[in-house]
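A short write-up of the structure that comes next.
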Amino acid sequence: MHTERNHDRYFSSELLDWYDVNKRDLPWRRSRDPYHIWVSEIMLQQTRVDTVIPYFHRFIERFPTIEALADAPEDDVLKCWEGLGYYSRARNLQSAARQITEQYGGVMPSGKEEVAGLKGVGPYTAGAIRSIAFNIPAAAVDGNVMRVLSRYFLIEDDIMKIKTRTRMEELVLTLVPEGRASDFTQALMELGALICTPKSPKCLVCPVMEHCAGRLEGKEESLPVKTKAKPPRPEHRLAAIVEGTGVHEGKILIRKRPASGLLAGMWELPHIEVTSGASAVSTKGATEQSGLSAVSTKGGTVASDTASVHSKAVAERSEVTTVPSETVMVPSNVAVPSEKAAVIRLTDGLLAEGVPVRPIGHYMDAEHTFSHIQWKMSVYRCVWQEEPESLSGLQAAESAAAYEAGETNDFRWIDAGDMERYAFPNVFIRILSSYFSKMDGAGSR
DNA sequence: TACGCGTGGGT
DNA sequence: TACCCAAGCGT
């Protein structure tokens with residue numbers, strides 16, 4: 001029975017002894033500066049230690065203090081976060097730094113309410129900061145801890161449920177040894193990271209294997225119980241590498257994304273969504289799509305611009321449309337318009353967003369998977385067309401409507417050297433790097 | 001509550 | 001290869 005005090009003391013004391021000998025030398029363990037602990041905890045959310053280490057060094061060097069972070073331009077903070085993902089973490093981190101500067105004189109508070117009230121600091125991070133940096137007995141229950149506890153105490157509740165986490169927080173508080181909150185929090189996570197791993201846990205070298213109920217029941221591999229995540233939904237997009245002319249000769253056009261939502265505040269290539277499922281919501285869109293699909297299916301040759309397809313997810317999406325079944329019973333790649341249709345859609349779509357271009361050829365395809373969306377992007381080289389034939393009052397109205405809908409109106413012309421001045425999501429870094437390296441090679445001959 | 005929100009490594 | 005994930009938070 002897990003509530004027996006002697007087993008609890010055994011667990012905590014064996015765990016701490018193990019940690020004292022086996023803990024890794026990590027950059028944020030070299031001090032107890034609450035700022036360092038805080039930054040590391042935010043970076044480590046859903047992110048591996050090996051990935052975080054170089055980012056942590058760069059971030060602390062660039063923003064040495066909470067006040068330095070508070071005073072920096074947001075674009076600088078995002079640039080420092082570029083490639084790390086979940087960019088709201090960076091924007092919330094800076095927002096909280098400004099909070100601390102204004103409300104607490106630039107000093108990280110240690111009170112429960114104060115810490116938990118910081119932007120981007122939830123129950124886990126609040127507990128981590130208070131226990132690790134201030135040695136306060138506080139629970140920091142993350143995925144590691146839930147895995148360790150679910151196995152040791154044979155807790156079979158779904159760890160995706162908030163109730164399970166709060167229950168484990170209560171359990172942790174009963175386990176914290178007097179005066180060693182900081183080490184205990186880190187030891188719990190360290191055991192999860194090094195020994196009590198998700199797959200093939202190293203029970204034979206585990207310091208607490210003797211009384212681990214999960215292992216004794218032979219359930220160490222099937223714990224913790226966790227509901228599966230949904231597969232990402234596919235989205236087809238057409239992107240433009242817009243080459244400038246005149247004073248913008250040799251440069252290409254980028255734009256800033258809206259201040260909220262996916263990749264908020266990051267820079268990108270102008271692009272439009274052309275997912276068939278999205279347009280099929282309206283009858284008009286479905287009709288247009290079925291026309292395109294028929295071309296592909298009748299010939300029996302379904303053009304495939306991208307390699308892999310989440311066919312299961314695609315099938316689910318297709319069922320909600322009202323398009324005739326013989327039209328939708330084809331793989332998702334029919335959603336990719338023919339090259340000719342794509343050129344028209346890209347021209348019209350970007351014009352409606354205030355970007356007049358003339359596509360001059362397909363450049364490359366790029367696939368990028370987020371946690372919840374899979375972008376299948378087709379990239380076209382385009383030239384900026386100052387005065388498109390069809391530019392009219394209607395176009396101006398559509399452009400205004402797009403802006404109202406949250407589209408950004410912040411555009412820049414950049415060259416290869418400007419890459420280091422703007423923060424891009426990975427998928428655009430890949431495309432831009434490819435483009436600029438090819439242009440450099442061509443230009444140097 | 002459930003979903004939106006990135007990325008790269010492991011198997 | 002095609003998943004599965006890894007030190008969560010905001011809404």
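A note on names: the letters A, B, ... follow the listed sequences, proteins ahead of strands, and every chain is numbered from 1.
- When the P atom is compared between B:dC5 and C:dA6, the two are found 23 Å apart, to the nearest whole Å.
- Here A:V121 lies in heavy-atom contact (under 4.0 Å) with sugar-phosphate atoms only.
- Below 30°, between 30° and 60°, or above 60°: for A:H211 and A:Y10 the angle between ring planes is above 60°, a perpendicular geometry.
- A:D415 contributes a side-chain N or O that, together with a main-chain N or O of A:D418, makes up a donor-acceptor pair within less than 3.5 Å.
- Within the structure, salt bridge (charged side-chain N to carboxylate O under 4.0 Å, His left out) contacts touching residues 81-100 of chain A (residues at least two apart or in different chains) are A:K79-A:E82.
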Using a 4.0 Å heavy-atom cut-off, write out nucleotides 5-11 of chain B from 5' to 3' as B (base contacted by protein), S (sugar-phosphate only) or - (no contact). BBBB---
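- Side-chain atoms of A:T369 never come within 3.5 Å of backbone atoms of A:Q374 as a donor-acceptor pair (strictly under, hydrogens ignored).
- When heavy atoms are screened at a 4.0 angstrom cut-off, A:I429 is found touching no nucleic acid atom at all.
- The residue A:R91 sits apart from the nucleic acid: no heavy atom pair falls under 4.0 Å.
- Counting non-hydrogen atoms under 4.0 angstrom, A:S40 reaches nothing in the nucleic acid.
- Going from atom CD of A:Q99 over to atom P of C:dC9 covers 15 Å, rounded to whole Å.
- Look at A:K230 and you'll find a side-chain N or O under 4.0 angstrom from OP1 or OP2 of B:dC3.
- Using P as the reference atom, B:dG6 and C:dC3 are 22 Å apart when rounded to the nearest Å.
- When ring centroids are compared, A:W375 and A:F370 come within the 6.0 Å threshold.
- Just one residue in the list A:T185, A:D20, A:N135 forms a side-chain hydrogen bond (donor to acceptor under 3.5 Å, both in side chains) with A:R180, and that residue is A:D20.
- Taking the nucleotide of DNA chain C with the nearest heavy atom to each of A:K119 and A:R29, the more 5' of the two is matched to A:R29.
- For the pair A:K226 NZ and B:dA2 C1', the computed distance is 15 Å after rounding to whole Å.
- Both A:R147 and A:A229 sit near DNA chain C, but only A:A229 has its closest nucleotide nearer the 5' end.
- Put simply, the side chain of A:S433 never gets that close to the backbone of A:I431: no donor and acceptor are under 3.5 Å apart.
- Spacing between atom CD of A:Q374 and atom P of B:dG4 amounts to 16 Å, rounded to whole angstrom units.
- The CH2-P distance, from A:W81 to C:dC9, rounds to 13 Å in whole Å.
- When rounded to the nearest whole Å, the span between NZ of A:K228 and P of C:dC5 equals 8 Å.
- Protein atom CG of A:N92 is 8 Å distant from nucleotide atom P of C:dT11, rounded to whole Å.
- Between A:M160 atom CE and B:dC3 atom C1' there is a gap of 10 Å when expressed in whole angstrom units.
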